[in-house]
Amino acid sequence: MNVVPDEELNCMNGTVEKLFARADDIKARIEAEERCHGKRRKKEVENWLKNVEEVENRKRCLETDVEEGHLGGKKLKTEVELLNIEMEELFEQGLFPNEVTLYDHSCLSLPLVTTQLKGQQFEKYLGQILQWCDDGVPIIGVWGVGGVGKTTLVTHVHDKLRENFRTCGNSGSAYWVTTSHGITVFYLQKKIAGAMHLDYLLKVEDQRQRAAMLSTTLKGKENSVLILDDVWEPFAVEDVGIPVGENGCKLILTSRSFEVCRKMACQKTIKVEDLSEEES
């Protein structure tokens, strides 16, 4: 923060420094708490941060007016005193002894709408994938030609994982992301951040920093499973920030190509034959 060499303005720098430091601490707390799936910042906290931003803008305008010779003397003293009072009040209001976020039930994982399937082959596929998840297989590939039921099968996997996490009292999460042709690292990071409600991640400009933050968040979520549906091209999971393997998340992907599964280093794969509603 620039310090304007004027006696009247210098007197408020201490108040400015401590207010902005508290705002930085609050932002850090928000980011840490929002990494817990299903949480969002409280409205009162969001409004407080906006008020701090408004005060910061007013301070800049005040400094500009002084530098350009538009403000001085008693009027400057009055403006500084009023701004100081407002900043002191904001500093006290920004204590927030409790959490700065709350659970947003609209953000929680919901069952996916899908075709109901049943039958020996379907149950075999479903049971095998769930067993691999229980066994800790890092990357699972589900492949087959278009229209055979890969997406439908994996939506059942998602819902079953979600149900198991809830009924068994585990803290696991299952995240669903639909991909497409011509995926890029930023596209995947954006889609995963959206599925996990990590809006702050998209404000980070550097790709490597986004990957590091996404990786840290996924590592902090015990038993997390990321499902990528309709992957057409292989990509490097570390570039995106998907921490598969020990202390990381599990990755399930669907693709039309076994070669994609192979290049994605899938430890286990299933080739899906036709799964129709009549299969029984």
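In what follows, every heavy atom counts, from backbone to side chain, and hydrogens, waters and symmetry copies are set aside.
- A search for side-chain hydrogen bond (donor to acceptor under 3.5 Å, both in side chains) contacts involving T178 returns W176, not counting sequence neighbours.
- Note that CD of E44 is 11.0 Å distant from CG of L49, once rounded to the nearest 0.5 Å.
- In this structure the side chain of Q121 never reaches within 4.5 angstrom of the side chain of V272, judged on heavy atoms.
- The closest donor-acceptor contact from the side chain of S215 to the backbone of A211 lies at 3.5 Å or more, if one exists at all.
- Counting only heavy atoms from C-beta outward, the side chains of T269 and V142 never approach each other to under 4.5 Å.
- Sparse packing is recorded around NZ of K268, with 12 or fewer heavy atoms of other residues, nucleotides or ligands lying under 6.0 Å away.
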Check against side chain to side chain contact (heavy atoms under 4.5 Å, CB included), I252 and C133: CA-CA 9 Å; I252 301 174; C133 288; 3.8 Å; yes
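- The cluster map of Ile, Leu, Val, Met, Phe, Trp and Tyr, joined by side-chain heavy atoms under 4.5 Å apart, puts L214 and Y187 in the same cluster.
- Nearest heavy-atom pair across V185 and V240 is CG1-CA, 4.2 Å.
- In this structure, the side-chain contact (heavy atoms from CB on, under 4.5 Å) partners of E81, at least two apart in sequence or on a different chain, are K77.
- Applying the ring pair (Phe, Tyr, Trp, His ring centres under 6.0 Å) test to every pair with at least one member in residues 228-273, sequence neighbours left out, gives these pairs: W143-F258, H181-W232.
- With sequence neighbours left out, D206 forms a side-chain contact (heavy atoms from CB on, under 4.5 Å) with R208, Q209.
- In this structure, CD on Q207 lies 8.5 Å from OG1 on T184, to the nearest 0.5 angstrom.
- Residues satisfying the ring-ring contact (aromatic ring centres under 6.0 Å, His included) criterion with F186, sequence neighbours excluded, are absent altogether.
- Annotation: E68, atom CD; neighbour count of heavy atoms from other residues, nucleotides and ligands within 6.0 Å is above 12.
- No more than 12 heavy atoms of other residues, nucleotides or ligands sit less than 6.0 Å from atom NZ of K271.
- Scored by the side-chain hydrogen bond (donor to acceptor under 3.5 Å, both in side chains) test, N57 finds R60 as partners (sequence neighbours excluded).
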Step-by-step side chain to side chain contact (heavy atoms under 4.5 Å, CB included) determination, I139 to L253: CA-CA 8 Å; I139 310 180; L253 62 92; 4.2 Å; yes
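- Panel note: side chain R210, backbone L201; no donor-acceptor pair is recorded below 3.5 Å.
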Intermediate values then yes/no, side chain to side chain contact (heavy atoms under 4.5 Å, CB included), K59 and V16: CA-CA 9 Å; K59 175 184 172 295; V16 168; 3.7 Å; yes
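- In this structure, CG on N84 lies 9.5 Å from CG on L82, to the nearest 0.5 angstrom.
- In this view, F96 and W48 satisfy the ring-ring contact (aromatic ring centres under 6.0 Å, His included) rule, not counting sequence neighbours.
- Interatomic distance, CD1 of I242 versus CD of Q189, reported as 9.0 Å (0.5 Å rounding).
- Two residues are said to be in side-chain contact when any heavy atoms from C-beta on lie closer than 4.5 Å; E88 and K18 meet this criterion.
- Between V145 and K150, the shortest heavy-atom distance links the atoms O-NZ, 3.0 Å.
- At least one side-chain heavy atom of K160 sits under 4.5 Å from a side-chain heavy atom of N164.
- The two residues C266 and I140 have their closest heavy-atom pair at SG-C, 4.0 Å.
- In terms of the salt bridge (charged side-chain N to carboxylate O under 4.0 Å, His left out) criterion, R256 has no residue partners (sequence neighbours excluded).
- The pair R41-E31 fails the salt-bridge criterion, with no side-chain N (NZ, NE, NH1 or NH2) lying under 4.0 Å from an Asp/Glu carboxylate O.
- Using a 4.5 Å cut-off on side-chain heavy atoms (C-beta onward), V177 and I227 make no contact.
- Inter-residue side-chain proximity for E46 and K42 is flagged as unmet; no heavy-atom pair is nearer than 4.5 Å.
- Among all heavy-atom pairs drawn from I26 and G94, the shortest one is CD1-O, 3.8 Å.
- Residues passing the side-chain contact (heavy atoms from CB on, under 4.5 Å) test with K203: none are found, sequence neighbours excluded.
- Between the NZ atom in K250 and the CG atom in L161 there is a gap of 8.5 Å [rounded to 0.5 Å].
- Put simply, the side chain of Y175 never gets that close to the backbone of A193: no donor and acceptor are under 3.5 Å apart.
- No donor-acceptor contact under 3.5 angstrom links the side chains of T179 and D230, judged on distance only.
- With values rounded to the nearest 0.5 angstrom, L226 atom CG is found 5.0 Å from I192 atom CD1.
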Derivation and outcome, side chain to side chain contact (heavy atoms under 4.5 Å, CB included), residues V148 and E273: CA-CA 6 Å; V148 294; E273 305 293 349; over 6 Å; no
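- The ring-ring contact (aromatic ring centres under 6.0 Å, His included) search around W132 returns none, not counting sequence neighbours.
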Stepwise salt bridge (charged side-chain N to carboxylate O under 4.0 Å, His left out) test for E53 and K50: CA-CA 5 Å; E53 288 182 7; K50 288 180 181 178; over 6 Å; no
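- Listed by chain and residue number, R58 satisfy the side-chain hydrogen bond (donor to acceptor under 3.5 Å, both in side chains) test with E86 (two or more places apart in sequence, or in another chain).
- Annotation: side-chain hydrogen bond (donor to acceptor under 3.5 Å, both in side chains) contacts of E54 (sequence neighbours excluded): none.
- Under a 3.5 Å cut-off, the side chain of E233 and the backbone N or O of V231 do not form any donor-acceptor pair.
- Separation of the F122 and H156 ring centroids falls under the 6.0 Å cut-off.
- In this structure, a donor-acceptor pair under 3.5 Å is present between the side chains of Q131 and D135.
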